Visitor: 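Please find one structure pasted underneath; my questions will follow.
Every heavy atom of this structure was used, including side-chain atoms; hydrogens, water molecules and symmetry mates were not. Quantities reported herein were computed from a predicted structural model and do not represent experimental measurements. Just so it is clear: chains get the letters A, B, ... in the order the sequence lines come, proteins before strands, and each one is counted from 1.
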2 protein chains.
Amino acid sequence: MNLQSMETYTLWADFWQALSHPIRLRVLEALRCEGALNVGQLVDRLGIGQGHLSNHLACLKNCGLVTTEAQGRYVYYHLADDRVPTLLDVGEAIFRDHWAGVATCAVVSQKPAPTRS
Amino acid sequence: MNLQSMETYTLWADFWQALSHPIRLRVLEALRCEGALNVGQLVDRLGIGQGHLSNHLACLKNCGLVTTEAQGRYVYYHLADDRVPTLLDVGEAIFRDHWAGVATCAVVSQKPAPTRS
DNA sequence: CTATGATATTGCGATATTACAATATGATAG
DNA sequence: CTATCATATTGTAATATCGCAATATCATAG
C-alpha cells in the first residue's frame, strides 16, 4: 500500500481513531492489566451495555489492537501484541505533560467557546 | 491528575484524536521530514486553505505534538520532542499490518454497509 | 499612523460518530 | 429439536467534527 497517498493518510487517521474513545481506551487498559477478558467480564468492569461494548470491541479488533480467542460460548479478548502497550505508554507520557492543553483544544472536543461581551 | 477517572479517559481520548485526521497526520509527517516549516509553507505543501490549516495546527499544539517559534511575521512549527516520531513509528508499524482491517471497521469511518438481499 | 503580509479565530451548513434499544446469530445443555 | 446464555449486528436520534468563507489580530515597512 502506498504510504504517500491521501487515501492512505485517511485510513491511517481511522486507525488512530480507534484509540480516540474513552471506552476503547478503558478496554485496552483493562486488557493490559488483566491479560484476557471475555465480553461479559468487560461489561461488568466498564458498566456499559453489551451491544454498545461489542461495537467498540469490533473496532479495536479490526484496527489490529486486540485479538480474540473463542472458548465455548465465551470470546476472550487480549491485546494484539507488545507494540500495543508500547503505543499506549508513549501516548500516555506525552499526554501527561499536556493534558491541560488538550482540555483547551477547540478543534477536538469543541467546547461551546466561552461567550464574551 | 487522576489517571483512573472517566474524565481523564475522555481527555486522553481527545489527545489521541489529535492524531486521527489525515491533514494533521500529513502536517506531522511534513515536519518530521523537513524539521521546521511556517504556516505558508505548510499551506503550499498540503494544498488546503490557510484558515482551515490554522485550526489543525492549533489542535496539534494544544495536544503537545508540535511547538511553535515566532520569527518576525512568520510562525515556525516543529515536532514537540523525540517521543512524537516514536509514537508515529509504532502506530505506523501496527497500521501497516492491519490497514485492510481498518478499512472494514464499521465504528470508525462508518461506510454505508454493503447492502445485502 | 496606514498599508500590507502572515497567521488566528469565528460562524455555520454538511457530514460522521456515538449511545441505546431491539433483534439476530452462534454455541451448548437437556 | 428447543431453550438458554453469550456475543454480534442493525436502526436511528442526538451529538460532535469537518470544511470553508469571512473576518480579526499581530508584526513590520514606509
Visitor: Can you give me the closest heavy-atom contact between Y77(B) and V66(B), atom names plus distance?
Guide: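 Closest approach of Y77(B) to V66(B), heavy atoms only: CD2-CG2, 3.8 Å.
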
Visitor: Below 3.5 Å, does any donor atom in the side chain of Q50(B) face an acceptor in the base of dA8(C), or the other way round?
Guide: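 Checked by distance alone, the answer is yes.
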
Visitor: Rounded to whole Å, how long is the line connecting atom CG of L60(B) with atom C1' of dT7(C)?
Guide: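 Atom CG in L60(B) sits about 16 Å away from atom C1' in dT7(C).
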
Visitor: Which whole-number value in Å describes the distance from H52(A) NE2 to dA22(C) C1'?
Guide: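 Taking NE2 of H52(A) and C1' of dA22(C), I get 15 Å after rounding.
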
Visitor: Establish, with yes or no, whether the OP1 or OP2 oxygen of dC18(D) is under 4.0 angstrom from a side-chain nitrogen or oxygen of R24(B).
Guide: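 Yes, R24(B) has a side-chain N/O under 4.0 Å of OP1/OP2 on dC18(D).
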
Visitor: Rounded to whole angstrom units, what separation is found between the CD atom of Q71(B) and the P atom of dT7(C)?
Guide: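 So the two atoms are 11 Å apart, to the nearest Å.
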
Visitor: Heavy atoms under 4.0 Å, any strand shown: does Y76(A) hit a base, just sugar-phosphate, or nothing?
Guide: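 Nothing, no nucleic acid heavy atom in range.
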
Visitor: Using the ring of each side chain (for Trp, its six-membered ring), is F95(A) parallel, tilted or perpendicular to W12(B), with breaks at 30° and 60°?
Guide: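 Parallel, since the angle between the ring planes stays under 30°.
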
Visitor: Take atom CG in D82(A); do more than 12 heavy atoms of anything else shown fall under 6.0 Å from it?
Guide: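 No, CG of D82(A) has 12 or fewer neighbouring heavy atoms, counting only those of other groups under 6.0 Å.
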
Visitor: Counting only side-chain nitrogens and oxygens, does H21(B) get under 4.0 Å of the OP1 or OP2 atom of dG19(D)?
Guide: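 Yes, such a contact exists.
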
Visitor: Is the shortest side-chain N/O distance from H56(A) to OP1 or OP2 of dT18(C) below 4.0 Å?
Guide: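 So the side chain of H56(A) is outside the cut-off, no N or O lying under 4.0 Å from OP1 or OP2 of dT18(C).
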
Visitor: Specify the separation, in whole Å, of atom NZ of K61(B) and atom C1' of dA8(C).
Guide: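 To the nearest whole Å, that distance equals 10 Å.
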
Visitor: Please report the distance, rounded to the nearest Å, between CG in L42(B) and P in dT7(C).
Guide: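 Taking CG of L42(B) and P of dT7(C), I get 9 Å after rounding.
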
Visitor: Let me know the distance between CD of Q17(B) and C1' of dT17(D), rounded to the nearest Å.
Guide: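 My rounded result for the distance is 8 Å.
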
Visitor: Report which part of the nucleic acid G49(A) touches: base, sugar-phosphate, or nothing (heavy-atom distance under 4.0 Å, all strands).
Guide: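 No contact.
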
Visitor: By nearest heavy atom, map N55(A) and R73(A) onto DNA chain C; which one lands nearer the 5' end?
Guide: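 With N55(A) and R73(A) compared, the 5'-side residue is N55(A).
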
Visitor: Which whole-number value in Å describes the distance from D14(A) CG to dT15(C) P?
Guide: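 Those two atoms, CG and P, are 18 Å apart.
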
Visitor: On a heavy-atom basis, which atom in R24(B) and which in A18(B) lie closest, and how many Å separate them?
Guide: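 Here R24(B) and A18(B) meet closest at NE-O, 2.8 Å.
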
Visitor: Looking for any heavy atom pair under 4.0 Å, which part of the strands does N38(B) touch: base, sugar-phosphate only, or nothing?
Guide: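 If one applies the 4.0 Å heavy-atom cut-off, N38(B) turns out to touch the sugar-phosphate alone, with no base involved.
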
Visitor: What's the CE-P distance between M6(B) and dT18(C), to the nearest Å?
Guide: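 That distance rounds to 12 Å.
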
Visitor: V75(A) side chain: which of dC20(C), dA8(C), dT7(D) is closest?
Guide: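 Looking only at side-chain atoms, V75(A) lies closest to dT7(D).
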
Visitor: Quick check against the 3.5 Å criterion: does R32(A) have a side-chain atom that pairs as donor or acceptor with the backbone of L28(A)?
Guide: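 Here the side-chain-to-backbone pair does not exist.
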
Visitor: Using the side-chain heavy atoms of I23(A), tell me which of these nucleotides is nearest: dG19(D), dA19(C), dT7(C).
Guide: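 Of all the options, the side chain of I23(A) is nearest to dA19(C).
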
